[in-house]
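Just so you know, these numbers use all the heavy atoms, side chains as well, and skip hydrogens, waters and symmetry mates. One-based numbering, in listed order, for ligands and for the atoms of each.
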Amino acid sequence: MRVTPVDTIPLDDTDDRAGLRMLARRVANHDLAPNAARWDEREEFPDASWSALRAAELFATTIGERWGGMGLGDMEAAIVLEELSKVDVSSAILCQLIFNGPPRAIEHLGNDDMKDRWLRSAAAGEALFCIGITEPDAGSAATSMRARLERDNMGYRLNAYKNYVTGGHRAAACLVWCRFPDAAPPSGIGAVLVDLGSKGVTIAGTHKKMGIRGCTEAEIAFEDVRIEPEDVLIESGSGDSSGLRTLLAHLNHERCGNAAMCIGAAQGALEYAISYMAERKAGPTALADLQGLQWKLADMTIALEGSRLLLDRALALAGGPQGTPPAMETAIAKAAANQAAKYVCDEAIQLLGGYGYSREYPVERAYRDVRGLCIGAGTVEIQRNYVGANLARGRHPLNPLWSTEGPGAAVSR
Ligand SMILES: Cc1cc2nc3c(=O)[nH]c(=O)nc-3n(C[C@H](O)[C@H](O)[C@H](O)COP(=O)(O)OP(=O)(O)OC[C@H]3O[C@@H](n4cnc5c(N)ncnc54)[C@H](O)[C@@H]3O)c2cc1C
């Protein structure tokens, strides 16, 4: 029986989730917040955040218990990401890479050798992981990628140049999307896991960015890198697009994590603006007492709470730690959270006036950080393409209000 979203949306945290939220909030406020501006100003990797997250065992949240993790799902991942992003997206993204990046793909899709080799170090916070999909000439149109495997005895050789790899300069391993031998575009895309200490791997550079400056993106060159059979996560072949479909579906974890980080960062900016308005006076009147500004707070909250409910629906529909959030609901939630966060952070700057525009106050950093999240993990436009194209084909979100009869009616996903 299909459940309706109203049955599944948890409007409040359970006791366990509340405990996890409190833990993440404590680490965020005590350990991440004091250094957040520094990582941004100096474009410095947040090593102290990494140590604090590791000490609190937060990296273990989503990894299976067999490998030393807590075995929790997308909902718990989102709770942690929201709380950390309230103070610092550059630090939260370290957890995003573990929760919703390669370790989750390895656990769901990988072979036993791969799991045994990597998942313990992921849960223990001993290794960072990154994802290499984008190339200089292939971003949204991932099927145009040039990354390619050639056969080499029982294994392969990888030649690729990946661009915009978050944390790539500090990661131990990279999940590289690439085309398998003898396949022509657009088919044949699968993925391999590459130990970044391997011969032939070079960190070619890092990007200088507007936001999320503590955890930047790297360019990574792979030149004739040996790939063992057990390093293959998803195999593909000529005329085969099933591997790509599996990888794209699995990106829904990352998209939900991206949405959670947006919601957290915007929540931080909103709460900062509210407390600022209570203190700041325009003549004799506190900003908080001006109805025109109260309406801004109301609109910001309406947008943010709406996107949080959409995210909760996508997360709940994953159905637990072994499931994956569905594509349509994920695309809606990511686009909504990206747009809500950009709007909320922009308005928070406005509410602080000139101080909002100053780097001495945290709201402009939140704005710059969420701006990048609107591009990463599939742009807002690409989410809209997915939603619009599916609606036009008669598919709809899981919501009983949609008609299921007649021409153009819903079909199963
Ligand atoms: C902060 C950040 C972190 C990132 N982390 C990673 C990472 O870890 N690993 C990784 O592989 N990549 C990463 N990326 C790269 C990101 O996935 C790409 O930037 C994104 O997919 C867009 O690709 P592009 O930059 O090549 O833009 P393009 O694809 O060239 O798009 C340019 C513009 O055109 C729009 N557009 C493109 N095609 C269409 C279409 N069909 N319909 C409508 N509009 C369209 C896009 O939305 C965009 O606005 C990251 C990017 C950012 C900003």
Side-chain angles (χ1 to χ4, degrees), residues 39-40 43 45 81 85 88-105 128-147 160-178 186 189 191-194 196 203-222 244 247-248 250-255 257-259 261-262 265 331 334-335 337-339 341-342 365-390 392:
W39 314 133
D40 177 64
E43 299 189 62
F45 187 83
L81 292 171
S85 300
D88 187 23
V89 175
S90 284
S91 298
I93 217 159
L94 303 176
C95 279
Q96 161 81 338
L97 287 166
I98 304 284
F99 296 169
N100 296 317
R104 172 107 61 169
L128 183 61
F129 294 78
C130 61
I131 310 179
I133 306 171
T134 307
E135 298 178 1
D137 296 323
S140 304
T143 53
S144 309
M145 69 175 55
R146 292 187 186 167
Y161 192 91
K162 293 294 179 181
N163 191 16
Y164 252 93
V165 181
T166 302
H169 55 310
R170 296 295 289 259
C174 183
L175 183 65
V176 181
W177 290 26
C178 52
I189 292 178
V192 296
L193 198 77
V194 182
L196 291 180
I203 304 300
T206 53
H207 290 281
K208 298 242 169 259
K209 293 181 302 167
M210 169 182 178
I212 323 180
R213 286 155 53 101
C215 189
T216 192
E217 279 70 35
E219 299 196 10
I220 311 183
F222 302 86
L244 178 64
L247 290 167
L248 287 172
H250 218 260
L251 269 191
N252 293 336
H253 295 288
E254 186 187 340
R255 290 184 170 143
N258 170 298
M261 291 193 292
C262 276
K334 189 205 183 258
N338 286 173
Q339 293 177 112
K342 189 159 56 128
R365 173 163 50 81
Y367 179 83
R368 289 186 284 108
D369 289 351
V370 303
R371 196 65 194 78
L373 295 175
C374 296
I375 298 169
T379 64
V380 172
E381 291 77 15
I382 295 303
Q383 307 313 307
R384 284 199 185 111
N385 282 354
Y386 184 85
V387 175
N390 276 284

Which is it for Lys162 and ligand 1 at heavy atoms under 4.0 Å: side chain, backbone, both or neither? neither
Supply the atom-to-atom distance Met261 CE to Leu373 CG, rounded to the nearest 0.5 angstrom. 5.0 Å
CD of Gln96 to NE2 of His253, rounded to nearest 0.5 Å, is 11.0 Å
Side chain, backbone, both or neither: which part of Leu373 comes within less than 4.0 Å of ligand 1 when only heavy atoms are counted? neither
Counting heavy atoms only, which of Ile375, Leu175, Thr166, Val370 comes nearest to atom 8 (O) of ligand 1? Thr166
Do any nitrogen or oxygen atoms of Thr134 lie less than 3.5 angstrom from nitrogen or oxygen atoms of ligand 1? yes
With respect to Thr216, which candidate in His169, Lys208, Arg170 satisfies the side-chain contact (heavy atoms from CB on, under 4.5 Å) definition? His169
Atom 30 (O) of ligand 1 protein-contacted, heavy-atom criterion under 4.0 angstrom: no
What protein heavy atom sits nearest atom 7 (C) of ligand 1, and how far away is it? Tyr164 O, 2.9 Å
Taking the inter-plane angle between the rings of His207 and Tyr164 on a 0 to 90° scale, is it parallel (under 30°), tilted (30 to 60°) or perpendicular (over 60°)? parallel
Can you report which non-hydrogen protein atom sits closest to atom 9 (N) of ligand 1, along with the distance? Ile131 O, 2.8 Å
Indicate yes or no: does an N/O atom of Ala138 lie under 3.5 Å from an N/O atom of ligand 1? no
Heavy atoms only: which of Gly139, Ala142, Gly132, Gly167 lies closest to atom 23 (O) of ligand 1? Gly139
Determine whether any protein heavy atom is located less than 4.0 Å from atom 49 (O) of ligand 1. yes
With rounding to the nearest 0.5 angstrom, report the CD1 to SG distance, Ile133 to Cys174. 9.0 Å
Check each atom of ligand 1 against the heavy atoms of Gly372 and keep those under 4.0 Å away; list them by number with element. 1 (C), 53 (C)
For ligand 1 and Asn385, I'd like to know whether there is a polar contact (N/O to N/O, distance under 3.5 Å). yes
Supply the atom-to-atom distance Glu217 CD to Ile93 CD1, rounded to the nearest 0.5 angstrom. 6.5 Å
Would you check if Phe45 and Leu128 make a side-chain contact, meaning some heavy-atom pair closer than 4.5 Å? yes
How long is the gap from CH2 on Trp177 to CG on Leu247, to the nearest 0.5 Å? 5.0 Å
Backbone, side chain, both or neither: what part of Thr379 comes under 4.0 angstrom of ligand 1, heavy atoms only? side chain
Between Lys162 and Glu135, does at least one N-O distance fall below 4.0 Å, as a salt bridge requires? yes
Within a distance under 4.0 Å of any heavy atom of Ile133, pick out the atoms of ligand 1 and give their elements. 10 (C), 11 (O)
Nearest protein heavy atom with distance in Å, relative to atom 2 (C) of ligand 1: Glu217 OE2, 3.9 Å
Are side-chain N/O atoms of Lys342 and Asn338 paired as donor and acceptor at under 3.5 Å? no
Protein non-hydrogen atoms only, distance under 4.0 Å: does atom 35 (C) of ligand 1 have such a neighbour? no
With respect to atom 44 (N) of ligand 1, which of Glu135, Glu381, Arg384 exhibits the smallest heavy-atom separation? Glu381
Could you tell me whether atom 40 (C) of ligand 1 has at least one protein heavy atom nearer than 4.0 Å? yes
From Arg255 CZ over to Tyr386 OH, what is the distance, rounded to the nearest 0.5 angstrom? 9.5 Å
N/O of Gly376 under 3.5 Å from N/O of ligand 1, yes or no? no
Test item: side-chain donor near acceptor, Asn100 and Asn258, under 3.5 Å: no
Residue and atom name of the nearest protein heavy atom (relative to atom 27 (O) of ligand 1), distance in Å to one decimal: Ser140 OG, 4.2 Å
